Trainee: 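After the structure tokens below, expect a handful of questions from me.
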Amino acid sequence: MTRDWIKWHDEYEIPGSSLARRLEVVRGYLRPLLDRPRRVISMCAGDGRDVLPLLPPGSRAVLVEWDSELAARARAAAGEGVTVITGDAGTTTPYAEIAPAEIVLACGVFGNISYEDTRRTIAALPSLLTPGGAVVWTRAGSSDVREIFAGNGFTELGFTAPDDARFRVGLHRLDRDPDPYLADVRLFNFV
Ligand SMILES: C[S@@+](CC[C@H](N)C(=O)[O-])C[C@H]1O[C@@H](n2cnc3c(N)ncnc32)[C@H](O)[C@@H]1O
């Protein structure tokens with residue numbers, strides 16, 4: 001069954017909800033990174049509320065979202081320099097115009113794809129990032145996402161795991177040479 005991702009977003013509007021709290025953590029990691037114009041990718045961007053309000057003028061961003069209603073909401077909230085693509089975030093192709101980016105958001109992705117796809121996606125992130133580029137990611141519950149980042153040349157700059165909520169938010173920096181960008185590489189399929 002396909003989830004109703006529009007309804008899923010409603011939880012953001014409930015003060016103190018897990019999703020509202022997660023949003024503040026994600027924005028807390030993003031704010032210092034967005035201290036000047038940046039090039040940003042958001043995979044499975046939803047309505048883009050995590051990054052769009054924080055983007056400094058002069059930034060460029062590509063947000064990729066499958067659901068047309070959510071993509072339309074993101075487009076309505078987007079300023080100059082932001083491209084919202086209604087389509088599949090699970091290949092490298094939509095990132096052609098922006099890669100390499102200084103920041104990649106993978107929020108609400110790893111919990112909805114297979115373990116193998118999580119490994120494959122993280123292993124491919126160095127082809128989408130500038131040297132020293134950062135990834136902000138989320139995942140509900142326990143997983144070895146942090147170990148997979150470590151095994152692919154990333155350094156952990158932040159990790160939030162509240163005792164009273166299932167969400168986890170991580171911030172990792174690429175600390176090895178990036179890989180060249182290649183179009184049409186499959187990263188993941190949403191399950
Ligand atoms: C858990 S939500 C996360 C949304 C947003 N990143 C956030 O954290 O608020 C997952 C999103 O992925 C979108 N999605 C599912 N499959 C996708 C695909 N193949 N390509 C792009 N977006 C996809 C859904 O429509 C949904 O908006």
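Both counts, for ligands and for their atoms, begin at 1 and track the order of listing. We number each residue from 1, following the sequence as shown. Nothing here was measured: the structure is a model prediction, and the numbers come from that model.
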Trainee: Closest non-hydrogen protein atom to atom 19 (N) of ligand 1, residue and atom name please, with distance?
Mentor: D88 OD1, 2.9 Å
Trainee: Tell me whether E147 at atom CD has more than 12 heavy atoms from other residues, nucleotides or ligands lying less than 6.0 Å away.
Mentor: yes
Trainee: Give a yes or no answer on whether the side chain of T138 reaches the backbone of G108 with a donor-acceptor pair at less than 3.5 Å.
Mentor: yes
Trainee: Determine yes or no for a side-chain-to-main-chain donor-acceptor pair under 3.5 angstrom, with R186 supplying the side chain and F188 the backbone.
Mentor: yes
Trainee: Which of the atoms of ligand 1 are close to G87, meaning less than 4.0 Å from one of its heavy atoms?
Mentor: 20 (N), 21 (C)
Trainee: What residue and atom, counting heavy atoms only, is the protein's closest point to atom 4 (C) of ligand 1, and at what distance?
Mentor: C44 O, 3.4 Å
Trainee: So, regarding D50 and ligand 1 (criterion: nitrogen or oxygen to nitrogen or oxygen, under 3.5 Å), is there a contact or not?
Mentor: no
Trainee: How far is atom 23 (C) of ligand 1 from the closest protein heavy atom, and which atom is that?
Mentor: W66 CB, 3.4 Å
Trainee: Looking only at heavy atoms, is any part of R22 under 4.0 Å from ligand 1, and if so is it the side chain, the backbone, or both, or is it neither?
Mentor: side chain
Trainee: What protein heavy atom lies closest to atom 27 (O) of ligand 1? Include the residue and the distance to one decimal.
Mentor: E65 OE1, 2.9 Å
Trainee: If you count the atoms of ligand 1 from 1 in the order shown, which ones are under 4.0 Å from a heavy atom of D67?
Mentor: 25 (O)
Trainee: Would you say C107 has any N or O atom under 3.5 Å from an N or O of ligand 1, going by distance alone?
Mentor: yes
Trainee: Tell me which part of A45 gets within contact of ligand 1: side chain, backbone, both or neither, using heavy atoms under 4.0 Å.
Mentor: backbone
Trainee: Checking a contact table here: which protein heavy atom is nearest atom 16 (N) of ligand 1, and how many Å away?
Mentor: F190 CG, 3.2 Å
Trainee: L187, V104: one ILVMFWY side-chain cluster at the under-4.5 Å cut-off?
Mentor: yes
Trainee: Which of the numbered atoms in ligand 1 are under 4.0 angstrom from any heavy atom belonging to A89?
Mentor: 18 (C), 20 (N), 21 (C)
Trainee: With heavy-atom distances below 4.0 Å as the criterion, list the atoms of ligand 1 near L70.
Mentor: 27 (O)
Trainee: Answer yes or no: is there a side-chain heavy-atom contact under 4.5 Å between W137 and T121?
Mentor: no
Trainee: As an exercise, identify every atom of ligand 1 less than 4.0 angstrom from a heavy atom of Y12.
Mentor: 7 (C), 8 (O), 9 (O)
Trainee: How about D164: does its CG atom have over 12 heavy atoms from other parts shown lying under 6.0 Å from it?
Mentor: yes
Trainee: Hey, is ligand 1 close enough to G108 that some N/O pair sits below 3.5 Å?
Mentor: no
Trainee: Check the hydrophobic clustering (I, L, V, M, F, W, Y; side-chain heavy atoms under 4.5 Å; chains of links allowed) and say if V82 and V40 are grouped together.
Mentor: yes
Trainee: Atom CZ of residue position R176 - does it have more than 12 heavy atoms of other residues, nucleotides or ligands inside 6.0 Å?
Mentor: yes
Trainee: Please list the nearest protein heavy atom to atom 26 (C) of ligand 1 with its residue and the distance rounded to 0.1 Å.
Mentor: W5 CG, 3.4 Å
Trainee: Has D35 got more than 12 heavy atoms of other residues, nucleotides or ligands less than 6.0 Å from its CG?
Mentor: yes
Trainee: Could you tell me whether the side chain of E65 and the main chain of L70 form a donor-acceptor pair under 3.5 Å?
Mentor: no
